[in-house]
Structure formats: C-alpha cells, structure tokens
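Start at 1 and go down the list; that is how both ligands and their atoms are numbered.
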Amino acid sequence: ATEASEHDLIIIGGGVAGYVAAIKAGQEGMKVACIEKRGALGGTCLNVGCIPSKSLLNNSHMYHQILHDTKKRGIDVGDVKLNLKQMMAAKNTSVDGLTKGVEFLFKKNKVEYIKGAGAFSGEHEVTVNLIDGGEQTLRGKNIFVATGSEATPFPGLTIDEKKVVTSTGAIALESVPKKMVVIGGGIIGLEMGSVWSRLGSEVTVVEFLGQIGGPGMDAEISKTTKKILEKQGMKFKLGTKVLKGDSSGDGVKLEVEAAKGGKAETLDADVVLVAIGRRPYTAGLGLENIGLDVDNKGRLIIDEQYRTKLPHIRVIGDCTFGPMLAHKAEEEGVAAVEFVKKGYGHVNYNAIPSVMYTHPEVAWVGQNEAELKEQGVKYKVGSFPFSANSRAKTNLETEGMVKFVADAETDRILGIHIVGPNAGEMIAEGVLAIEYGASSEDVGRTSHAHPTLAEAFKEAAMATYGKAIHY
Ligand code: FAD
Ligand code: NAI
C-alpha cells in the first residue's frame, strides 16, 4: 500500500450521484477523487440503465412503427427486417460515447479518477482495491457514499441474466424470446416489456397490485396506459402473485395465483424478467468498520444535509432515501457539495419528475389523487385529451391526456399527470410551474405555440379553474 494522500473530498461510486458531485467539487476548486469499481463512469444509469434502455426503446419503437404504422400515413415500405445485433451495437455506441464523455469532464474539472472498489478503513480513510492490482489508501476531510442500487432478487429464482434476467440481462438479449414473462409491472417491467413486445415477443406482465406503473403513477393515468399497452399487444395479469419458478428445463415455468388466493396456474416463458424494484447497494463498503447503519430497506441513514452520524460522511443517490432516479441523484450530488463548501444547498423533493419512456410516454410531477385523498387535501381536477389537440391529430397520435390537480381553494398546482406523445419533455413545464408555486390559472393564461402538443397542457390547466376552449 502507498502512503495515504489527503483530499478535500473522496467520493465512493462514479454513478450519476457520484460523478456529478465530483465535477461540482472540481468546479469549486476542491481536491477531489472519485472511486469507481465498474471500469467505466456513469453508474447504473449510463452503463445498464437509463441510457441503454432508452436507446432500445427509441429504436424498437421505430421498428414497430415502420412495421405497423406507415400505411395510413401514405408511406408504403418494402421488406422490413430486424437486425438485433446492430440495434445492440447502436446502444453500445451511445453508452460508450457518454461514459467517455464523463471521463473527459473529470479531466477538465481536475477530478482524480481511481478505478477500483473502495471500502472504509477508518473514519477519514478509504482503501481501494485497484482494478489494475494492488491497493491505494486515501484520506479525506469529507467522504461521500454514492454506491447506488441493485435489482431486488425474487426468492427462489436464480438470476443467470440469460433465461432469468434483471434489466441488465434484458438490455442485452441475443435473440428475441418467443415468450417473455415480466414479474413486476413497474417502470422497468413496462419499459423493457415494451421493447421486447415491439420486437416480436409475446409479453405477459404479472403484477401483484391492482394497477401498473409502480409507486406514484395516478390511478386514472395507469388505467389509460394499460389499455394503450394492451392494444400494442402486451398482456397483463394484475392482482397476481408468483408462487415459485423453475428454470431447470429449456425455458422457465412460473406458478402464479391471484394475490387474494385461488387456483394456481403455470406460465411458460423463454425468458423471465424480474423487475420487482431495486434496493440500495452497500456491500463491501466496510460500513461496520466505522459503525454506520442502514434502515430496514438497506438505505444509509442521513439528515437533511445528507450527513450520516459521522458528519463528514454524506450519502447521495439510490443508496439513501427518496426516489431512485438519475436526476434526483444528480440534484443531490450538487446540493451535497454546496453543503460542504458553502453551508447551504437545496433539492425540492416535491418537484422531481417521473417519466416512463414507453410509447406513448407517461410523466408526472407532484402528487396524485389517491395521495391527496389520503392526506385529506381538498382538490380540483382539470384534464384535456390529446384527441382534441390539433398537433396530435396531424401526427395521428391522439391517445392519452393531460391532467392537472390543484388546491380547491387557492388553485395552486399540486400535481400534473400526463400520458401521451412527448409527455417526458412536456412535464418539464409542469416541474417549473410547481417549483415556482404556480396556480393552474397562471399556466392557463400563458401563451403556448400553435399547433403544439403543449397546448393540451395549457388547456388542461384552463379546465382546472374554468373551461378548456377546444373540449
Ligand atoms: P448508480 O448509478 O448505481 O452508481 C453507483 C456506482 O457506484 C456504480 O457504478 C457502482 O459500480 C459503484 N460502486 C458501488 N460500490 C462501490 C465501491 N465500494 N467502490 C467503488 N465503486 C462502487 N432513472 C432515471 O431518472 N431515468 C431513467 O430513464 C432511468 N432508467 C433506468 C433504467 C434501468 C434499467 C435501471 C436499472 C435504472 C434506471 N434509472 C433511471 C435509475 C437510475 O439508473 C438510478 O437512479 C441512478 O443510476 C442512481 O445513481 P447513483 O449514482 O445513485 O447510483
Ligand atoms: P418499481 O418499484 O417501479 O416497480 C416494481 C413493481 O413490481 C411494482 O408495481 C410492485 O407492485 C411490483 N411487485 C413487487 N413485488 C412483486 C411480486 N412479488 N410479484 C409481482 N409484482 C411485484 O421497480 P422497477 O420497475 O424494478 O424499477 C426500479 C427502479 O428503477 C424504479 O423505482 C425507478 O425509480 C428506476 N427506474 C426508472 C426509470 C425511469 O425513470 N424511466 C426506468 C427504469 C427504472
């Protein structure tokens, strides 16, 4: 081991939380090192999450659209073939470009990049098991833990990333499975289920709850989304639990039954995707060496300034509280550095958007009706269907709606929920509105260009305090 060097900040984990914090610290003139064991920066998001999944979602959508949605547009196409190898290569090109881009940004901002697995060897000390061999010990005035999350396993099913896969296997299948069963109808299940369904798989989603979309999705939006996905060919078994699985034969057999109990049924699949949520990843960090605890969900416990009980050690991103989203991790990366450097920082957890990148997309920010009911908040609702929006009509993409939920008395926007074309881009306006404490009337009285999908957003706002013009 070499002599320990002193840093202002050591960051364990080079995912979105860690690399953003590292760049920010570099910009603030701190002597910063970022330790990453994967051999590439960007974490789950860039390597096996957001980026590769969105590449496959985009290109599988184009393939599906060319196959099924051109004739009525006056485009006759000839022989359309899937080249899965090239689709995967396109995905890898996007991933490689972005992870190398982060490495470049590290150099630009004088961040020291240490390739290896870091573990606490003292309260101010991290020892790295280097990828290239050997060990290096670093001393830090401040240390951030940004070690992310991993897929929650399904008891009794062994993940081999070939037949029984997590999202990591699902973004890298070598052929299109004839039958795919997805356990969990949350974001990963619906995004990756969509990809393989569009490429030709018969996809069945088994969801324990009575609705799809995972935590946070508004019930009405979820119902609409389910209908749209069903039309695209996906099958759903809601209120259903998987009892056990067997992958010892050619394919996989899953025994399922109604969540309330009932007759068991066997589902056959070539590939099973386990997508029942993710859990914090802190294995091998040596938390026990410094007495740091995790809660019953495995999350490192912190205060509002991201500090553990050892105040120079902070935690950001998926391995602590809050939604497991890249943009949330990124905000925390910046805020945590600001707390160290300036003593203040800020993340508005009420204004973090969620986007599901299916087609059409689903996006929301703030609270949904069920949450408000539970809190006893009096609210009003305004919605507008894309079928009444001129741009959606010209695009022949009229499924879905925009829905506003505002305080019944003050008209302050409490939540915005969209299923429809470009929902993921459109929600940015909603996030800004909530961030600035806007009322639905503020949005309804703001000019939106014609003809755009965003007019549906404006008209949903108008419907909340008065009436929409076009519906
Ligand atoms: P991670 O990205 O998991 O990074 C942690 C890093 O720490 C990893 O690279 C790991 O190798 C490293 N590490 C762990 N332990 C050590 C150690 N001891 N020493 C050194 N390094 C270590 N979010 C979105 O907002 N939008 C999306 O579209 C989206 N799509 C997703 C799709 C999929 C399939 C998945 C799985 C996730 C998706 N997410 C998405 C979630 C997003 O990827 C995470 O919220 C985000 O990556 C969290 O960032 P993080 O830095 O906290 O953790
Ligand atoms: P999720 O929490 O979104 O959904 C899991 C679903 O599985 C829930 O609907 C749950 O009810 C169901 N479930 C749990 N146990 C089950 C069981 N035993 N049988 C049947 N169903 C069961 O989790 P998911 O989809 O695994 O994604 C993990 C995280 O990754 C998400 O929380 C999200 O934050 C992040 N992510 C974000 C994306 C985005 O922003 N577009 C894309 C992909 C992932």
Between the CD atom in Glu150 and the CZ atom in Arg279, the distance rounded to the nearest 0.5 Å is 4.5 Å
- Please tell me if the side chains of Lys235 and Val203 come closer than 4.5 Å, counting only heavy atoms from C-beta onward. no
Answer yes or no for Val48: is there a heavy-atom contact with ligand 1 below 4.0 Å? yes
Checking heavy atoms under 4.0 Å, the part of Met192 that sits near ligand 1 is neither
Sub-3.5 Å N/O-N/O distance, Tyr281 and ligand 1:
no
task = Output yes when the distance from some N or O of ligand 1 to some N or O of Gly42 is under 3.5 Å, and no in every other case.
result = no
Check your understanding: Would you say Ser167 has any N or O atom under 3.5 Å from an N or O of ligand 1, going by distance alone?
Key -> no
For Leu325, the atoms of ligand 1 under 4.0 Å from one of its heavy atoms are 23 (N), 25 (O), 45 (O)
CD1 (Ile11) and OH (Tyr19) are apart, to the nearest 0.5 Å, by 12.5 Å
If you scan protein heavy atoms around atom 12 (C) of ligand 2, the nearest is Glu207 OE1, 3.2 Å
Here the atoms of ligand 1 under 4.0 Å from any heavy atom belonging to Gly317 are 52 (O)
(request) Flag Ala17 as yes when one of its N or O atoms lies below 3.5 Å from any N or O atom of ligand 1, and as no otherwise. (result) yes
Counting heavy atoms under 4.0 Å, the part of Ala119 that contacts ligand 1 is neither
Are His417 and Glu220 close enough that a side-chain donor and a side-chain acceptor fall under 3.5 Å?
no
Taking only non-hydrogen atoms of Lys54 and a 4.0 Å limit, the atoms of ligand 1 in range are 27 (C), 28 (O), 29 (C), 30 (N)
- Message: Strictly less than 4.0 Å: does any protein heavy-atom distance to atom 31 (C) of ligand 2 fall in that range?
- Response: no
Cys45 heavy atoms within 4.0 Å reach ligand 1 at atoms 2 (O), 43 (O), 47 (O)
* Asked: Any N/O of Asp318 closer than 3.5 Å to an N/O of ligand 1?
  -> yes
message = Counting the benzene-type ring for Trp, do Phe144 and Tyr306 have ring centres under 6.0 Å apart?
response = no
Logged contact type for Ile183 with ligand 2, heavy-atom cut-off 4.0 Å, is side chain
query = Any idea how Tyr113 and Phe106 line up, ring-wise: parallel (<30°), tilted (30 to 60°), or perpendicular (>60°)?
reply = perpendicular
**Asked** Take atom NZ in Lys110; do more than 12 heavy atoms of anything else shown fall under 6.0 Å from it?
**Response** no
**Asked** Looking only at N/O atoms, are Ile187 and ligand 2 under 3.5 Å apart anywhere?
**Response** yes
### Query
Can you check whether Gly49 has an N/O within less than 3.5 Å of an N/O in ligand 1?
no
For Gly15, the ligand 1 atoms with a heavy-atom partner under 4.0 Å come out as 2 (O), 4 (O), 6 (C), 51 (O)
(Q) Below the 3.5 angstrom mark, is there an N/O of Tyr357, backbone or side chain, next to an N/O of ligand 1? (A) no
Query raised in the report: If you measure every N/O of Glu191 against every N/O of ligand 1, is any gap under 3.5 Å?
Result: no
Closest heavy-atom approach to atom 23 (O) of ligand 2 among Gly216, Gly184, Gly277, Gly186 is made by Gly277
